[in-house]
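These notes are about the structure you will find just below.
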There are 4 protein chains.
Amino acid sequence: MIGRLREEVCALHAELIRWGLVTWTAGNVSARVPGEDLLVIKPSGVGYHELTPANMVVCDLKGTLVEGEHSPSSDTEAHAYVYRNMPEVGGVVHTHSPYATAWAARGEPIPCSITAMADEFGGDIPVGPFALIGSDAIGRGIVETLRGHRSPAVLMRQHGPFTIGRTAKAAVKAAVMCEDVARTMHFARQLGSVERLPAAAVDSLHDRYQNVYGQQKGAR
Amino acid sequence: MIGRLREEVCALHAELIRWGLVTWTAGNVSARVPGEDLLVIKPSGVGYHELTPANMVVCDLKGTLVEGEHSPSSDTEAHAYVYRNMPEVGGVVHTHSPYATAWAARGEPIPCSITAMADEFGGDIPVGPFALIGSDAIGRGIVETLRGHRSPAVLMRQHGPFTIGRTAKAAVKAAVMCEDVARTMHFARQLGSVERLPAAAVDSLHDRYQNVYGQQKGAR
Amino acid sequence: MIGRLREEVCALHAELIRWGLVTWTAGNVSARVPGEDLLVIKPSGVGYHELTPANMVVCDLKGTLVEGEHSPSSDTEAHAYVYRNMPEVGGVVHTHSPYATAWAARGEPIPCSITAMADEFGGDIPVGPFALIGSDAIGRGIVETLRGHRSPAVLMRQHGPFTIGRTAKAAVKAAVMCEDVARTMHFARQLGSVERLPAAAVDSLHDRYQNVYGQQKGAR
Amino acid sequence: MIGRLREEVCALHAELIRWGLVTWTAGNVSARVPGEDLLVIKPSGVGYHELTPANMVVCDLKGTLVEGEHSPSSDTEAHAYVYRNMPEVGGVVHTHSPYATAWAARGEPIPCSITAMADEFGGDIPVGPFALIGSDAIGRGIVETLRGHRSPAVLMRQHGPFTIGRTAKAAVKAAVMCEDVARTMHFARQLGSVERLPAAAVDSLHDRYQNVYGQQKGAR
């Protein structure tokens with residue numbers, strides 16, 4: 001199982017590059033190891049084209065290195081806090097993707113004004129608190145913002161987006177779609193104002209997308 | 001014929017990626033099967049690099065699955081409505097391409113101010129109504145907006161562009177050019193105002209482009 | 001010689017794609033055939049990945065087809081007019097590259113405010129008149145604007161940039177740099193005002209770049 | 001050693017292309033030859049896909065050609081000045097990357113408002129003076145601005161960014177991150193105002209990133 005997750009987590013990092021979400025060594029994907037208090041995550045400060053299943057790192061849910069020759073991502077504490085406190089979460093992603101980070105820099109939620117946002121996020125993408133690395137503060141800010149919220153993405157203030165999902169792939173999808181709608185809404189707002197969608201339309205779109213879209217109900 | 005259309009529709013989806021029009025699994029191309037009440041379309045929620053001629057889906061013109069192992073695109077109803085009501089249309093494309101969707105989010109037509117718009121669209125790119133997925137509403141909005149209009153593209157309000165063409169390739173071209181001019185006009189408007197081209201110039205350019213440009217008259 | 005120019009002109013079209021200057025089939029490069037009243041140019045409406053040396057088209061300097069199985073670019077008349085009236089020109093390029101076309105849409109010259117513009121253009125990039133395709137008007141507008149001007153690029157109003165060079169490669173370089181500086185100056189102006197460089201600095205930079213930069217004096 | 005540096009400097013130029021920092025032949029990377037008064041740099045006016053270890057150029061620290069068949073980059077004087085005056089510097093990079101150059105065109109420092117900037121730059125990215133090529137002026141402006149500053153990047157006014165590092169790779173990283181944060185801060189500022197991070201937070205983030213991040217302390 002850990003071997004398969006090493007491969008999956010490594011491959012998912014290539015999606016961050018493919019969709020233009022990361023620069024140099026910034027950004028990271030992790031997956032919970034089902035049934036164990038472990039996670040698999042990117043090594044710290046290693047370039048995307050140097051990532052292999054073998055150099056992925058295994059940590060416990062306090063963020064302590066368990067297996068691997070490299071130091072874990074400097075964001076491991078935040079990932080671990082989310083897994084400890086949100087048992088339904090199987091994957092976490094962090095990037096500094098430029099449009100989402102621009103909304104985060106202003107501390108401004110992305111308003112739910114287009115159907116693609118209703119589908120994936122079920123409302124606005126919320127802003128979390130400013131928090132320094134090196135304690136539970138980032139993890140706590142993510143969990144307090146996303147608990148009870150339909151959005152799988154939070155814009156940590158003056159930092160960047162974190163996304164969660166039932167699987168690592170779902171968290172990556174949320175990161176990709178978060179940047180996509182952050183960009184479209186940025187363009188929309190540059191030349192005028194945009195109204196939010198009515199709440200009933202958002203509910204209807206979100207319900208359909210989460211339960212009907214795709215090949216198998218609930219497979220996302 | 002259906003085999004050839006499966007290959008063509010599959011290959012045309014790669015153009016959506018090549019020109020930056022789609023993200024993750026969003027967006028879809030369909031083709032009418034000439035002489036039959038059938039269409040070929042993308043499967044729902046499948047990634048672009050996983051598309052093959054074999055996993056394209058065949059539906060009737062009510063959107064019901066006829067052939068294929070996957071569920072059809074969740075936008076199939078809208079495509080089918082267009083084919084039922086516009087017999088001259090052989091291809092339909094839907095994307096959430098970012099600049100065109102930004103104009104759609106504001107509900108603002110793209111003004112015909114550059115020769116490339118006159119060539120391809122023969123005037124402004126119009127805005128269609130806001131409509132929820134799950135009924136004929138989107139299809140009806142497309143048809144009511146585009147019937148009698150020279151533009152092969154409509155910006156569905158707070159949703160994104162749909163384009164039509166005599167062939168699937170022509171509809172893809174319209175989607176690519178729609179994003180191209182949406183982007184250029186976005187840039188133009190960011191730093192000042194832009195006048196529409198005179199109507200006589202638009203007519204002259206559109207007529208020439210539709211009838212003289214390219215290698216064979218009417219082959220677009 | 002014509003065979004070599006077919007290869008060169010074909011290869012230079014790939015640079016337009018590489019640097020993001022063109023969409024679908026729009027844009028074209030031509031080269032004068034030295035010592036003959038002929039030019040080599042892109043065929044009309046053919047996609048960039050379908051271009052080969054063999055399908056490049058040879059025309060006389062009135063734009064009439066001389067050799068080739070395809071119709072020449074619909075912009076051939078404008079290229080031919082430039083060659084007839086500017087004997088020092090060996091290559092012409094036309095694109096609708098998005099940032100340059102946005103300045104053209106507003107009819108606003110790009111102000112020479114950064115050293116890269118002084119180097120390549122020796123001053124502002126000027127705007128030419130609005131002119132319809134199908135007569136000498138576009139060619140005349142290009143020649144009247146660029147004659148006696150240091151800039152190898154002109155922004156044809158509400159249309160897009162044309163560039164010239166001693167060779168086709170130099171004209172392609174001018175098209176690539178025109179979009180590059182159009183983009184940088186667009187970004188610069190979005191967040192404030194920018195002063196032009198002093199005329200003496202522009203002269204000094206342009207002289208040095210044209211005569212010292214690169215591997216061989218005058219080889220550009 | 002010089003052979004190894006030729007390979008390294010050549011390979012690092014590919015990073016400038018990979019991250020979208022350079023256009024046509026503009027931009028250059030150099031490395032100091034440890035223990036010798038020499039540097040390795042890009043040849044002038046040669047395209048990025050034509051660069052090989054063999055055509056890299058070796059100069060002394062006055063910028064005079066020592067080894068190589070090509071003329072050195074026209075920015076060699078500025079690189080050499082930095083090496084002569086900042087003995088701790090092992091690599092220098094210059095680009096006209098578009099977002100950073102836009103801040104430079106306005107002469108506006110990039111405010112340190114996001115954690116990624118605190119990490120890499122330890123504060124604002126400062127602006128250096130306008131200086132003409134062809135004397136010590138550019139090198140002097142770089143050194144006077146960066147000496148005693150935590151930022152490895154300076155925006156030379158109306159010109160573009162220069163970055164330094166202990167190694168050529170570190171200088172390339174600084175150039176890549178400079179454009180990344182210039183872009184994000186451009187987006188952030190387009191739709192509102194952004195506060196700087198508190199000085200204590202910047203200090204804490206910078207210290208941690210410089211001393212804890214990555215696989216080996218001080219290996220950046």
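Lettering follows sequence order; numbering is per chain, from 1. Heavy-atom basis, side chains included; hydrogens, waters and symmetry copies ignored.
Only the side chain of B:Glu15 comes within contact range of chain C, with heavy atoms under 4.5 Å apart. Heavy atoms closer than 4.5 Å to chain C are found in both the backbone and the side chain of B:Ser113. Heavy-atom distances place both the backbone and the side chain of C:Thr25 under 4.5 Å from chain B. Contact of C:Val57 with chain B is not made at all, since no heavy-atom distance falls under 4.5 Å.
Just one of C:Ile41, C:Leu51, C:Leu5, C:Val29 meets the side chain to side chain contact (heavy atoms under 4.5 Å, CB included) condition when paired with C:Met56; it is C:Leu51.
Side-chain contact check for C:Val82 versus C:Phe162: every heavy-atom pair is 4.5 Å or farther apart.
Heavy-atom pairs under 4.5 Å with chain B were tallied for C:Gly160, C:Pro72, C:Ala102, C:Gly45; the largest tally goes to C:Ala102. For the set C:Ser97, C:Gly134, C:Ser74, C:Ser71, the count of heavy-atom pairs under 4.5 angstrom toward chain B peaks at C:Ser71. When each of B:Val181, B:Val194, B:Leu197 is checked for heavy-atom pairs under 4.5 Å with chain C, B:Leu197 comes out on top.
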Take B:Asp75 and B:Lys42 through the test salt bridge (charged side-chain N to carboxylate O under 4.0 Å, His left out) and record every step on the way to the result. CA-CA 10 Å; B:Asp75 295 305; B:Lys42 179 176 178 291; over 6 Å; no
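In this structure, C:His94 has its ring center under 6.0 Å from that of C:His159.
One distance of note links CZ of C:Arg150 with CD of C:Glu120; it measures 12.5 Å at 0.5 Å rounding. For the atom pair B:Phe187 CZ and C:Gln190 CD, the distance stands at 8.5 Å (nearest 0.5 Å).
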